[in-house]
Amino acid sequence: MSAAHPIEQAWLSTGGTGAKNYDEFPDESEITRIVEANPASVLGVEMPAHTPEAVAAGLSFEQALPAAAERLAALQEAGRFASFGDVAVAYRISGGAEPVAYGVFCMVDTAEISSAADEPGRVIRNEDVFIEKVKQRNELNQRLHHLLSPVLLLQSSKGDQLHAAVADAIAASGDPVASDVDEAGRTHEIWAIGGRAGTDLAALAGDGDLIVADGNHRSLAAQVGKLDRFLAVITTPRSVVIRPYHRLVAGLPGSAAQLVEQIGQIGATVTEVDGPPQTPETGGTVVVYGQGRTWEIAFGDIEGTVVDRLDHTRVEQEVFGGLLGRDAGDKRITYVGGDYSASWLAEQVDAGKADLAILIAPVTVEDFIDVNLQRLKMPRKSTWFVPKARAGLTIAELPKE
């Protein structure tokens with residue numbers, strides 16, 4: 001039996017509501033600017049404390065929740081979303097640097113989530129989470145009674161079959177229900193697939209192991225909130241690439257140069273290089289930038305699993321934990337996805353917004369799948385999948401109790 005099902009009550013965008021996902025912003029003040037320019041953006045619902053009104057009033061996330069519910073209801077009443085019953089939603093992303101991506105918005109059984117090798121379930125969750133973020137996602141779900149952001153799942157066993165099936169469903173469905181262009185120029189389109197075709201498409205999408213590529217917090221929030229099902233977009237390995245996931249570090253006890261010297265003292269090979277920082281193309285070397293200086297750092301070989309040897313793990317354990325005495329969730333560490341360039345990271349350091357930038361090469365899709373199927377756990381914020389499903393195009397209303 002499949003873990004995926006059509007959406008019982010879907011609300012599909014009629015235009016203007018699309019946005020980057022709420023967790024794609026290293027600088028959350030950008031959310032305020034987006035909502036100010038486009039009040040219909042779903043970001044105003046997902047991140048209510050960052051609307052212009054909430055910022056002006058100094059509201060916390062919890063204090064702004066009532067306004068989130070009001071904003072969503074107003075968008076529905078204004079016709080910004082159209083109602084569809086019992087549909088799988090075919091999804092296509094085209095026009096970017098990546099290959100054309102296909103996926104299916106559907107509902108997935110929460111009981112299938114597995115976060116450990118001895119825990120049964122076909123939805124494999126693979127990263128530690130930040131508990132405060134899970135709490136906020138659950139509070140938003142309960143207040144809105146709608147699920148706004150999908151969990152991105154990789155279909156690990158029938159990816160090629162799903163890829164072809166979604167493309168065929170789109171070809172047979174005419175014009176899309178909605179189309180939206182993102183900041184990188186990619187076009188995101190959705191089609192409502194109802195009846196037997198929708199049921200079959202969802203069943204194929206949920207047949208086999210599903211790996212959480214993005215949305216660890218959202219999937220755990222579904223468990224915390226005791227939801228029977230959560231909103232997901234199930235995609236194929238051919239549809240995604242992994243870009244780097246970097247770190248900005250503030251509040252160093254000394255200078256950037258002093259920290260780099262300490263990294264060398266714990267066994268890493270440190271080489272200062274001329275010019276601005278560049279993202280490493282392959283693993284084995286990380287690049288550090290601070291005080292206008294750039295260093296390449298190669299950690300020594302160690303025994304252990306493939307996860308133990310990842311650059312993200314070495315930075316988290318040896319630099320953050322060992323030298324700085326910080327947990328990976330420390331607020332002085334900002335995680336910056338691959339949509340932001342090396343030059344942008346350097347600008348943040350030069351502007352005094354951070355003391356240090358750490359640039360890390362991307363993990364490969366093949367390694368990511370292999371790690372998950374071995375039931376190992378990735379370090380936090382180590383994979384930045386692109387292209388991501390656009391928020392605000394498909395919303396699922398939770399069933400009435």
Side-chain angles (χ1 to χ4, degrees), residues 9-83 130-151 178 180-184 188 214-215 217-218 221-222 224-225 227 231 248 250 331-332 334-337 339-340 344 348 351 353-354 388-398:
Q9 176 58 65
W11 292 88
L12 305 188
S13 177
T14 60
T17 61
K20 290 170 67 173
N21 287 276
Y22 74 93
D23 57 354
E24 295 185 56
F25 298 92
D27 180 1
E28 292 181 336
S29 65
E30 187 178 347
I31 295 173
T32 307
R33 294 191 292 271
I34 290 172
V35 176
E36 186 173 29
N38 177 23
S41 170
V42 77
L43 281 173
V45 182
E46 286 226 76
M47 298 295 279
H50 294 283
T51 64
E53 302 85 357
V55 171
L59 300 182
S60 67
F61 183 87
E62 289 74 15
Q63 291 170 330
L65 278 175
E70 293 170 2
R71 187 181 288 263
L72 177 58
L75 291 173
Q76 291 171 314
E77 291 170 6
R80 290 289 191 169
F81 291 96
S83 175
F130 302 112
I131 297 302
E132 181 61 26
K133 289 186 178 182
V134 174
K135 178 175 176 288
Q136 289 186 350
R137 290 303 101 191
N138 177 50
E139 290 175 345
L140 190 69
N141 294 343
Q142 300 302 323
R143 171 70 70 160
L144 299 180
H145 210 67
H146 290 70
L147 303 178
L148 275 65
S149 283
V151 176
D180 191 277
V181 178
D182 70 18
E183 295 75 12
H188 298 244
D214 186 66
H217 296 87
R218 281 159 270 178
V224 171
L227 303 183
L231 178 64
L248 287 171
K331 299 294 186 184
R332 293 167 291 183
T334 300
Y335 295 86
V336 181
D339 287 353
Y340 293 83
W344 184 89
Q348 304 308 297
K353 296 180 179 179
K388 283 186 172 67
R390 190 91 162 140
L393 299 185
T394 298
I395 293 175
E397 183 173 348
L398 294 173

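Just so it is clear, the values below take in all heavy atoms, side chains as well, and ignore hydrogens, waters and symmetry mates.
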**Q.** From CG (L65) to CD (Q142), nearest 0.5 Å
**A.**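 Taking CG in L65 and CD in Q142, the distance rounds to 11.0 Å.
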
Q | L248 side, atom CG; W344 side, atom CH2 - distance, nearest 0.5 Å | A | 6.0 Å

Q | Residue pair I395 / L144, side-chain heavy-atom distance below 4.5 Å | A | no

Any donor-acceptor N/O pair, [X] side chain to [Y] backbone, under 3.5 Å:
X	Y	answer
D180	T17	no
T394	L12	no
R80	S13	no
T334	P26	no

Shortest non-hydrogen contact from [X] toward [Y]:
X	Y	result
E36	P52	CB-CG, 3.7 Å
S149	N21	OG-OD1, 4.1 Å
V42	A19	CG1-CB, 4.1 Å
R390	D182	NH1-CB, 3.6 Å
G44	T51	O-CG2, 3.5 Å
P48	A64	CB-O, 3.5 Å

Q) What class does the angle between the rings of F130 and H217 fall in, given that below 30° is parallel, 30 to 60° is tilted and above 60° is perpendicular? A)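 Parallel, since the angle between the ring planes stays under 30°.
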
Q: Measure from NZ or CZ of R137 to the centre of the six-membered ring of Y22 and say whether it is under 6.0 Å with the direction within 45° of the ring axis.
A: yes

Q.
Between E139 and F61, does the side chain to side chain contact (heavy atoms under 4.5 Å, CB included) criterion hold? Intermediate values first, please.
A. CA-CA 9 Å; E139 290 175 345; F61 183 87; 3.9 Å; yes

Q. Do E132 and K331 sit within salt-bridge range, that is, some charged N less than 4.0 Å from a carboxylate O?
A. no

Q. Between K20 and E46, is there a side-chain N and carboxylate O pair less than 4.0 Å apart?
A.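 The answer is no: the pair does not qualify as a salt bridge.
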
Q.
As a quick check of understanding, evaluate side chain to side chain contact (heavy atoms under 4.5 Å, CB included) for E62 and K135, giving each step before the final call.
A. CA-CA 10 Å; E62 289 74 15; K135 178 175 176 288; 3.4 Å; yes

Q. R218 pairs by side chain to side chain contact (heavy atoms under 4.5 Å, CB included) with which of L148, D23, L140?
A. D23

Q: For W11 and L75, run side chain to side chain contact (heavy atoms under 4.5 Å, CB included): C-alpha distance rounded to whole Å, both residues' side-chain angles, the deciding distance at 0.1 Å, then the answer.
A: CA-CA 11 Å; W11 292 88; L75 291 173; over 6 Å; no

